[in-house]
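Numbering of ligands and ligand atoms starts at 1, following listing order. Positions are given from 1, in the same order as the sequence printed here.
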Amino acid sequence: LSQSVGLRLEQLTSIAAFSAALDAHRAHGRSIGLVPTLGALHDGHAALIRRAAAECDVVAVTVFVNPLQFGPDEDLSRYPRTLAADAALAADCGAAILFSPPVQEMYPGPVLTSVRVSGLTGTLEGASRPGHFDGVATVVAKLFAMAGRCRAYFGEKDFQQLAVVRRLAADLSFPVEVVACPTVREPDGLALSSRNAYLSAEERAVAPLLHAALLEGADAVAAGETDPAAVAAAVAATVAAEPRFRLDYAAAVDPATLAVPAALAPGQEVRLLVAAHLGTTRLIDNLGTTVPAPSPAPARKADPACAGA
Ligand code: PAF
C-alpha cells in the first residue's frame, strides 16, 4: 500500500465510525457513493468505484465476506481475502473510505431478523442456492441502514441480485438510489469474477464459451425466435458442446420480473441468463437483448381503378 494511498483512504471497521464518517460528509453537503463488495476486488469492481467517484463527492467501498449468503457446501472458507490489495485498488479508483467490519461486528449474535424479497428469488440463482438471496438482502439492508442517503453501485453481472437489491431499496424505503453498471469482460468475453481465480488453465481456456452461448441466444432472438424456451435451448446447446461444463440453468426472462414470458413480443427487452459448473467453480453470466420490431409492411401499389377518381 503506497503512502499516498494510505493517506487518502480512511479504513474503518466499526459500524459506528462508518455511519459517523458518512454523516459528517453529508453534513458538509457532500453526496455519497456506496460500493458494497465481498472483496477480492478486480477490474469489474474498479469500474463500479470509478463510476461512483465520477458521480458522487465521497465514495465508500465495503468489503465483507458475508457468511449469510454462502450455503453449507459453498466456498466461504476458500473465498479469497485480499484486504491490503483491495484497499490499494479502492484508493486508486477514487474511494475515500474502506469499511471492512469483522463478522462479529456485523453479526454479534444469532441473526433473528432476515430480509426476503419474495417473488424474485425463487428461480434461477435462488433455486440453485437456497437462502442465498436472503443473505444478500439482509446484509445489503444493513449496509443501506448504516450508510444512509446515498447512491449504491451494483454490477449487472449479478443480474438477479441487482433486481433483488432494487426491490428491497424501494420496498423498505431506503433513501438509496441503486445504480446498475454494465458487466466488465476479459477480451475473450469472460465476465470478470473473483471466482475466475479458481479456474485451472484448461478451464480458463474454455470459460468464455459461457458468453458465446449467450450471444447464440441473442442471435436466435434477432433471427425471430419468439419462444423463450427455444432461446434458452440455444444457449444450453452451446454450453453442452463443451463437456467440461455442467449446465445449471439457461433462461430467457423479462428483465424486471425475472419471469419467463409466454412468448417474446416485438420490441420486448429480454435478459438471457446462464449458470454452469466448470470443474469445482460455478460461473454465471447474462446478456440483455431486444426482440426486433417487425419490418414495415411493403408499401401498397396504387390501385389503378382508384386513380384519378
Ligand atoms: O455482489 C456482492 O459482492 C455481494 O453479494 C454483496 C452485494 C456485496 C452482498 O454481500
Quick one: which ligand 1 atoms are inside 4.0 Å of a heavy atom on [X]?
{"X": "Val139", "result": "9 (C), 10 (O)"}
{"X": "Pro36", "result": "8 (C)"}
{"X": "Gln69", "result": "4 (C), 5 (O), 9 (C), 10 (O)"}
{"X": "Phe154", "result": "7 (C)"}
{"X": "Thr37", "result": "3 (O), 8 (C)"}

Practice problem: In plain terms, say whether Arg129 and Asp248 are close enough for a salt bridge, that is, a side-chain N and a carboxylate O under 4.0 Å apart. | Solution: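 Asp248 and Arg129: not salt-bridged.
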Self-check item: Sole candidate of Glu156, Lys157, Arg271 that passes side chain to side chain donor-acceptor pair (under 3.5 Å) when paired with Asn286
Solution: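 Testing each of Glu156, Lys157, Arg271 against Asn286, the sole residue satisfying side chain to side chain donor-acceptor pair (under 3.5 Å) is Arg271.
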Quiz item: Any idea which protein heavy atom is nearest atom 6 (C) of ligand 1, and the distance to it?
Solution: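 In this structure, atom 6 (C) of ligand 1 has Gln161 OE1, 4.2 Å as its nearest protein heavy atom.
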Quiz prompt | Thr226 side chain to Leu264 backbone, donor-acceptor under 3.5 Å | solution =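 Between the backbone of Leu264 and the side chain of Thr226 there is no qualifying donor-acceptor contact (under 3.5 Å).
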Quiz item: Picking from Leu89, Asp92, Thr37, what satisfies side-chain contact (heavy atoms from CB on, under 4.5 Å) with Ile49?
Solution: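 Per the side-chain contact (heavy atoms from CB on, under 4.5 Å) rule, the option paired with Ile49 is Leu89, out of Leu89, Asp92, Thr37.
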Exercise. Please determine if Asn66 has a nitrogen or oxygen closer than 3.5 Å to a nitrogen or oxygen of ligand 1.
Key: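 It does not: no N or O of Asn66 is found under 3.5 Å from an N or O of ligand 1.
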Quiz item: Do the ring centers of His42 and His45 come within less than 6.0 Å of each other?
Solution: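 Under 6.0 Å, so yes.
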Quiz item: Cation over ring, Arg78 on Tyr198, under 6.0 Å and within 45°?
Solution: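 Verdict for Tyr198: a cation-pi partner in Arg78.
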